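Below, all heavy atoms of this structure are taken into account, side chains as well, without hydrogens, waters or symmetry copies. These numbers were taken from a predicted model, which means no experiment stands behind them.
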Amino acid sequence: MTRERNMSVGATVWLTGLPSAGKTTIARALAARLRDEGRRVEVLDGDEIREFLSAGLGFSREDRDVNVRRIGFVAQLLASHGVTVLVPVIAPYADAREEVRKRHQARGTGYVEVHVATPVDVCSARDVKGLYARQAAGELAGLTGVDDPYEVPADPDLRIAAHEQGVGESVAALYALLGEKGLVRP
């Protein structure tokens with residue numbers, strides 16, 4: 001077996017959590033590590049997906065579920081071709097996340113769910129995109145975890161307390177999980 005073939009186990013890594021929890025930061029840092037090792041990797045960032053793949057969708061529960069299903073389809077397709085797909089997307093509803101997991105399982109594609117478990121007060125203080133400030137000022141309604149639900153994963157494959165550990169430690173924990181599950185190979 002060639003080195004490239006040995007390293008190209010595809011899988012989807014879904015990082016769910018509140019806005020400003022650290023999902024994208026962790027995903028991009030893990031992507032850099034995987035690329036440095038010569039692995040095929042893609043990051044399907046929620047904001048970019050909303051702009052290009054899910055343009056026109058709003059933030060109703062139905063639209064959020066459609067968005068998650070679309071991302072899940074693309075992630076599974078890429079992963080089935082040997083790409084490690086990192087998906088830092090809120091995906092606030094457990095049933096939509098479970099639907100994506102089941103799609104992967106039905107097709108024999110690796111899938112792990114990671115809950116980036118940063119408390120809302122820490123996310124609000126970070127407020128990377130200014131969403132919490134806009135919500136507090138009455139300019140934004142339906143902010144996940146504030147005035148719209150976020151269903152915390154009951155049994156994720158990994159829970160990262162990104163407010164208690166640095167990015168490097170978070171990436172190391174996630175990388176170790178991928179190794180344990182056989183989704184990254186030396």
Side-chain angles (χ1 to χ4, degrees), residues 10-32 34-35 40-107 109-118 120 122-124 126-154 156-157 160 162:
T12 295
V13 179
W14 198 290
L15 295 100
T16 179
L18 297 173
S20 297
K23 302 176 300 296
T24 300
T25 300
I26 294 167
R28 293 199 188 287
L30 178 59
L34 295 172
R35 284 187 188 109
R40 297 169 56 202
V41 61
E42 289 295 332
V43 177
L44 299 181
D45 180 78
D47 292 334
E48 293 172 0
I49 294 294
R50 277 226 174 246
E51 183 178 350
F52 298 106
L53 183 64
S54 295
L57 289 180
F59 291 91
S60 68
R61 181 176 181 135
E62 182 180 336
D63 283 356
R64 289 176 194 247
D65 287 348
V66 167
N67 187 47
V68 167
R69 282 194 300 274
R70 287 179 183 177
I71 296 167
F73 172 81
V74 172
Q76 190 280 319
L77 184 65
L78 288 168
S80 72
H81 291 283
V83 177
T84 300
V85 185
L86 307 176
V87 185
V89 173
I90 296 169
Y93 303 112
D95 56 349
R97 293 190 306 262
E98 185 60 22
E99 186 178 330
V100 171
R101 179 188 293 275
K102 286 181 179 175
R103 175 180 184 76
H104 281 71
Q105 289 172 338
R107 288 158 179 80
T109 307
Y111 180 89
V112 295
E113 180 181 74
V114 178
H115 178 215
V116 182
T118 307
V120 69
V122 175
C123 294
S124 178
R126 290 178 179 171
D127 204 7
V128 177
K129 300 172 194 163
L131 298 174
Y132 293 92
R134 289 180 52 215
Q135 190 276 337
E139 300 168 7
L140 176 72
L143 181 58
T144 301
V146 178
D147 60 352
D148 207 58
Y150 176 75
E151 298 172 357
V152 174
D157 297 289
I160 294 175

Quiz item: Considering residues at least two apart in sequence or located in another chain, which fulfil the side chain to side chain donor-acceptor pair (under 3.5 Å) criterion with R103?
Solution: none
Practice problem: Measure the shortest side-chain to side-chain distance between V89 and I49 over non-hydrogen atoms and say whether it is less than 4.5 angstrom. | Solution: no
Quiz item: Measuring from H81:NE2 to T109:OG1, what's the distance to the nearest 0.5 Å?
Solution: 9.0 Å
Quiz item: If you look only at pairs with a residue in residues 76-85, which of them pass as a salt bridge (Lys or Arg N to Asp or Glu O under 4.0 Å), with sequence neighbours excluded?
Solution: none
Exercise. Check side chain to side chain donor-acceptor pair (under 3.5 Å) between S54 and all other residues, then give those that pass, not counting sequence neighbours.
Key: N67
Quiz item: In Å, rounded to the nearest 0.5 Å, how long is the span from CH2 of W14 to CD of E113?
Solution: 9.5 Å
Practice problem: Only counting residues at least two apart or in another chain, list the ones meeting side-chain contact (heavy atoms from CB on, under 4.5 Å) with E99. | Solution: R69
Self-check item: Reported CG-to-CG distance for the pair L44 and L78, which is rounded to 0.5 angstrom
Solution: 6.0 Å
Quiz item: For P92 and T144, which heavy atoms make the closest approach, and how far apart are they?
Solution: CB-CG2, 3.9 Å
Quiz prompt | Spacing of CG belonging to D65 relative to CZ belonging to R70, to within rounding of 0.5 Å | solution = 12.0 Å
Quiz item: Which atom pair, heavy atoms only, marks the closest approach of L53 to V74?
Solution: CD2-CG2, 3.9 Å
Quiz item: So which heavy atom on I26 is nearest to which on A162, and how close?
Solution: CD1-CB, 4.2 Å
Using distance only, find each side-chain donor-acceptor pair of residues 15-23 under 3.5 Å and give its atom names and separation, not counting sequence neighbours.
residue: T16; atom: OG1; partner: I90; partner atom: O; Å: 2.5
residue: T16; atom: OG1; partner: Y150; partner atom: OH; Å: 2.8
residue: S20; atom: OG; partner: V128; partner atom: N; Å: 3.0
residue: K23; atom: NZ; partner: G17; partner atom: O; Å: 3.4
residue: K23; atom: NZ; partner: L18; partner atom: O; Å: 2.7

Self-check item: Residues which pass side-chain contact (heavy atoms from CB on, under 4.5 Å) with A31, listed by chain and number, not counting sequence neighbours
Solution: R35, V41, V43, L86
Quiz prompt | Counterpart residues, salt bridge (Lys or Arg N to Asp or Glu O under 4.0 Å), relative to E98 (two or more places apart) | solution = R101
Quiz item: Between the main-chain N or O of L57 and the side-chain N or O of R50, is there a donor-acceptor pair closer than 3.5 Å?
Solution: yes
Quiz item: Under a 4.5 Å cut-off applied to non-hydrogen side-chain atoms, are P88 and D45 in contact?
Solution: yes
Quiz item: Tell me the salt bridge (Lys or Arg N to Asp or Glu O under 4.0 Å) pairs involving residues 75-95, sequence neighbours left out?
Solution: R61-D95
Practice problem: Side-chain contact test, heavy atoms from C-beta onward, threshold under 4.5 Å: evaluate it for Y132 versus V120 and give yes or no. | Solution: yes
Exercise. Any chance you could measure E42, atom CD, to T84, atom OG1, to the nearest 0.5 Å?
Key: 10.5 Å
Exercise. Give every residue pair that meets the salt bridge (Lys or Arg N to Asp or Glu O under 4.0 Å) criterion with at least one member in residues 79-91, sequence neighbours excluded.
Key: none
Quiz item: What pairs with Y111 under ring pair (Phe, Tyr, Trp, His ring centres under 6.0 Å), at least two apart in sequence or on another chain?
Solution: H104
Practice problem: Apply salt bridge (Lys or Arg N to Asp or Glu O under 4.0 Å) to D148 and list each qualifying residue two or more places apart in sequence or on a separate chain. | Solution: R64
Quiz item: Do you know which two heavy atoms are closest between D127 and S124, and how far apart they sit?
Solution: CB-O, 3.2 Å
Exercise. Enumerate the residue pairs fulfilling salt bridge (Lys or Arg N to Asp or Glu O under 4.0 Å) with a member in residues 128-145, sequence neighbours excluded, ordered by first and then second residue.
Key: D47-K129
